[in-house]
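This report refers to the structure that appears directly beneath it.
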Amino acid sequence: MTPPKSVTVRFPDGTEHRFAKDTVLSEMLTRTKPPWKEPPVALKVNGTVLGLGQPLSDAASETDPFVIEPVFFASPEGQEIYRHSSAHIMAQAVKELFPSVKLAIGPPIEDGFYYDFDLGRPFTPEDIEKIERRMKEIAAAHYVFERKALSKQNAIRFFEEKGETYKVELIRDLPEDEVITVYEQGPFTDLCRGPHVLSTRHVAAFKLLTAAGAYWRGDERNPMLQRIYGTSFPTQEALDAHLKRLEEIKRRDHRRLGKDLDLYNVMDEIGPGLVIWHPNGALIRKLIEDFWREQHLLHGYDFVYSPHIARLDLWKRSGHLDFYRENMYTPMSIDGIDYELKPMNCPFHIMVYKSHLRSYRDLPLRYAELGTVYRYERSGVLHGLLRVRGFTQDDAHLFCRPDQIEQEILKVLDLTVFTLKTFGFDDYEIYVSTRPEKSVGSMENWEHATAALESALKTKGMAYRIDPGEGVFYGPKIDLKIKDVLGRSWQCTTVQVDFNLPDRFNLSYIGEDGKEHQPIMIHRALMGSIERFFGVLIEHYAGAFPLWLAPVQVKVMPITDQQHAYADEVAGELTRSGLRVETDRRNEKIGLKIREAEKAKTPYMVILGAREVQRRKLSVRKRSGDNVGELDIPSFIERLNNEVVKKSV
RNA sequence: GCCGGCGUAGCUCAGUGGUAGAGCAGCUGAUUCGUAAUCAGCAGGUCGUCGGUUCAAUCCCGACCGCCGGCUCCA
């Protein structure tokens, strides 16, 4: 046997060492002691991420010297490995406690991991506790994650013998010549590509969070498995910080804040997914809508209004009945004719277009409407304001000539960025969805329109990702997603080119050449749905709406009833200057009044005692707790009006 | 829609096979007070709905409705 070749290894600090190629990475680290503040989760060897239990020779490529980079927990790769190992520990615990369980998959996810099990019954909260306790024992047992390679045949046989039918199904889907790897940790073996941490003891702090049903491979025709979610961190402190963040997320939940701040309600008596806006929420909505209208007038839109129902024939012609049926409600019969609740506004806007003969000189036409639509959503997906059955789109339809597409998209992007920025959203993801398999419209049209979308984004310097084949059947689109505090992405803005409706409704304009041409139609919504946008806004601001949106902007608080006359005078002046003011005339201590104004997240509190009356001043306190100090009435009004005009976030 | 958990006063929640409690909010009274809770009293509930078991159900069982966490889909 020839002795294993040795290689030169270079660390990030430039130091080089020689090692036999079969040296295991952990041993290499013990011998070289690199000056890292924390131990790495894994190492990158010539760019390949390897577990510390693997030898240098597992690197996918060889360079001279071998280049080593540490993979720390802080990196996405490090977290993936760490959480993946955590999932394996959970699987071992479950397998030991419930030997009949079948294992499905257990990947790391953002902020944690899960594992799907087929147990034949759900896990109870007590089960979860037991599993977590067992996991602690497994971690303490210091089982080493050992990597083994098997041929596909052997791997199938191995898991068949164990009765792990899901694993067998997974392996069968792998390519024929693929080398299958499994990881052994003590008595437990799992199919896994790896890599893993060195041993179970390296997973220091973890917590199981929830159990939920999940279909095998996410397909509802498949069996329902039991999923357990958990998370893990290298230290207890980091785990605690994460759990604290989860609490914070709960605190910002728009459903809780919606109730606390009396913004809106969804009531059993009215129906699921149907929102009533209470005065506070309605006022904020009105302000948002005012802003929207003002901006649309400035940007060359025309406003239109349309009814909530229309003849079924209209929806047949638009194609919604064919392509959108599962989201539409049952038609109602009126005087023997079927009518349908609208799931979209577009057919109405098209009818406005069709009400006249159009010249190329008329284009582009931009019809905008805050149009309320109704869509059937399965009961399980309804979620506060973020997913409802009746909602108002800030909808608009642009009709333009093919050569105007790009210019129109540019204008839409400008308005979008301005709108989102006004509400403090600077962070979003942009997707361009291209032609799906099943589509209408010529290839040429698709290419032209897709190029126009991309070119507009490039002109604006907006980074985007391509979602290949994810376009709607009728045209390419740009979607813009904002992230809420939970890290969930919500699609708000959407800009969609439509080759279908102009065709179905036989839209035309008379061109320069005196002949009929078909206009391009673009659907667009900036906030998407007012309900959803409002929900995201509540969480985004944690209920503390900026001054221009706050339902009550100033709370005037006399300390005793000796100051009531002055308080009324102050409140009157503020109100006349256009501010939304309330006076707390209750016979309560100032501490309580402040506490309640804080809870209501009122931006400014004006405190009036004998001192202020005497000096004709205001003591101003912000909801942040900042004491602004004494101001006279005109300078306070000026200060607030400035803030309102600027729409400061 | 599917899997699981939950549904008790306006809100947050406790509780029991013998028809229910707390805190906050509300009402009444006292207190006139300086930057996140003054004190006392009163009132408030067909225990989600319907059915079953039982001498007796808010509690046990079933169905339905809704909410919450997921699966899938979208604004």
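Values in this document were obtained by computation on a predicted structure and should not be read as measured data. Numbers restart at 1 for each chain; the letters A, B, ... are given by sequence-line order, proteins then strands.
As the counterpart of B:U49, B:A63 is assigned, both hydrogen-bonding distances of the Watson-Crick or G-U wobble pattern falling under 3.5 Å. With a cut-off of 3.5 Å on both pairing distances, the Watson-Crick or G-U wobble partner of B:U12 is B:A22. B:G41 and B:C27 make up a base pair, with Watson-Crick or G-U wobble contacts both under 3.5 Å. Base pairing annotation: B:U35 forms no Watson-Crick or G-U wobble pair, as no partner gives both donor-acceptor distances under 3.5 Å. Under the Watson-Crick and G-U wobble criteria, each requiring two contacts below 3.5 Å, nucleotide B:C2 is paired to B:G70. Base pairing of B:U58: no nucleotide in any strand meets the Watson-Crick or G-U wobble criterion (both distances under 3.5 Å).
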Problem - Candidate pair A:Asp479 and A:Thr494, rule side-chain hydrogen bond (donor to acceptor under 3.5 Å, both in side chains), full reasoning - result: CA-CA 4 Å; A:Asp479 284 333; A:Thr494 181; 2.8 Å; yes
Exercise for the section: List the steps, then state whether ring-ring contact (aromatic ring centres under 6.0 Å, His included) holds for A:Tyr374 with A:Phe391. Expected result: CA-CA 7 Å; A:Tyr374 296 89; A:Phe391 59 97; 8.4 Å; no
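If you check every strand for non-hydrogen atoms under 4.0 Å, A:Tyr229 touches sugar and phosphate atoms only. Base engagement by A:Ile559 is indicated by at least one non-hydrogen atom pair under 4.0 Å involving a base atom. Residue-level contact check: A:Thr493 touches neither bases nor backbone, having no heavy atom under 4.0 Å from any strand. Using a 4.0 Å heavy-atom distance criterion, A:Leu592 is classed as a sugar-phosphate-only contact. In this structure, A:Val373 reaches neither bases nor backbone, as no heavy-atom distance under 4.0 Å exists between it and the strands shown. Backbone-only contact: A:Gly591 has heavy atoms under 4.0 Å from sugar-phosphate atoms and none from a base. Heavy atoms of A:Asp561 sit under 4.0 angstrom from at least one base atom. Residue-level contact check: A:Glu588 touches the bases, meaning some heavy atom is under 4.0 Å from a base atom. The residue A:Ala597 sits apart from the nucleic acid: no heavy atom pair falls under 4.0 Å. A:Tyr376 comes within 4.0 angstrom of sugar-phosphate atoms only, judged by non-hydrogen atoms across all strands, and of no base. Within the 4.0 angstrom heavy-atom criterion, only backbone atoms of the sugar-phosphate kind lie near A:Lys259; the bases stay farther away. Nucleic acid contact for A:Gly213: base, since at least one base atom lies under 4.0 Å from a heavy atom of the residue.
B:G69 and B:G26 have their C1' atoms separated by 34 Å, with the value rounded to a whole Å. The separation of B:G10 from B:U49, taken at their P atoms, amounts to 13 Å, rounded to a whole angstrom. A gap of 40 Å separates the C1' atoms of B:C55 and B:C24, to the nearest Å. Nucleotides B:A14 and B:A9 are separated by 12 Å at their P atoms, to the nearest Å. B:G4 and B:A25 have their C1' atoms separated by 34 Å, with the value rounded to a whole Å. Nucleotides B:G17 and B:C59, compared at atom P, are 11 Å apart to the nearest Å.
Aromatic rings from A:Phe425 and A:His540 are positioned such that their centres are separated by under 6.0 Å. Aromatic pair A:Phe117/A:Phe98: ring centres not closer than 6.0 Å. Not less than 6.0 angstrom separates the ring centroid of A:Tyr367 from the ring centroid of A:Tyr301.
Side-chain atoms of A:Arg532 come within donor-acceptor range of the base of B:C74, with a qualifying N/O pair under 3.5 Å. Judged by distance alone with a 3.5 Å cut-off, no donor-acceptor contact links the side chain of A:Gln496 to the base of B:A75. Below the 3.5 angstrom threshold, one finds a donor paired with an acceptor across the side chain of A:Tyr215 and the base of B:G1.
The phosphate of B:C74 has neither OP1 nor OP2 within less than 4.0 Å of any side-chain N or O from A:Gln491. The shortest distance between the side-chain N/O atoms of A:His383 and the OP1/OP2 oxygens of B:G69 is below 4.0 Å. An OP1 or OP2 oxygen of B:G69 is reached within less than 4.0 angstrom by a side-chain nitrogen or oxygen of A:Arg255.
Atom CD1 in A:Ile128 sits about 14 Å away from atom C1' in B:C3, given to the nearest Å. As a whole-Å value, the separation of A:Arg378 CZ from B:G1 C1' is 5 Å. One interatomic measurement links the two molecules: CD1 of A:Ile249 to P of B:G69, which rounds to 12 Å at whole-angstrom precision. Atom CG in A:Leu480 sits roughly 17 Å away from atom P in B:C74 (whole-Å rounding). Whole-Å rounding puts the A:Asp268 CG to B:U8 P distance at 12 Å. Look at NZ on A:Lys593: it is 9 Å from C1' on B:C33, rounded to the nearest Å. The distance between atom CZ of A:Arg595 and atom C1' of B:C33, rounded to the nearest whole Å, is 18 Å. One can place CD of A:Gln393 at 15 Å from P of B:C74, the figure rounded to the nearest angstrom.
Counting only heavy atoms from C-beta on, A:Lys599 has its side chain closest to B:A36 among B:G1, B:A36, B:C3. Nearest to the side-chain atoms of A:Asn627 among the listed nucleotides B:U35, B:U32, B:C3 stands B:U35. Side-chain proximity of A:Thr494 to B:U38, B:A75, B:G1: nearest is B:A75. Distance from the side chain of A:Glu377 is smallest to B:C73 among B:G34, B:C73, B:A36. Side-chain proximity of A:Arg621 to the nucleotides B:C74, B:U35, B:C71 is greatest for B:U35. When distances are taken from the side chain of A:Glu612 to each of B:G34, B:A75, B:A36, the shortest belongs to B:G34. The side chain of A:Gln226 lies closest to B:C3, out of B:C65, B:C3, B:C74.
When each of A:Gly384 and A:Glu531 is assigned the nucleotide of RNA chain B with its nearest heavy atom, A:Gly384 is the one assigned upstream, toward the 5' end. RNA chain B is contacted by both A:Cys492 and A:Ala214; A:Ala214 maps to the nucleotide lying nearer its 5′ end (nearest heavy atom per residue).
Side-chain contact check for A:Ser306 and A:Lys342: at least one donor-acceptor pair (N or O, by modelled atom type) lies under 3.5 Å. Between the side chains of A:His523 and A:Gln496, not a single donor N or O lies within less than 3.5 Å of an accepting N or O.
Look at A:Asp173 and A:Arg217 and you find a salt bridge, because one of the NZ, NE, NH1 or NH2 atoms lies within 4.0 Å of a carboxylate O, short of that distance.
Using a 4.5 Å heavy-atom cutoff, the side chains of A:Gln295 and A:Phe418 are in contact. Side-chain atoms of A:Val570 and A:Ile633, non-hydrogen and from C-beta on, do get closer than 4.5 Å to each other.
Residue ring and nucleobase are stacked for A:Phe391 and B:A75, with a centre distance beneath 5.5 angstrom and an angle between planes beneath 30°.
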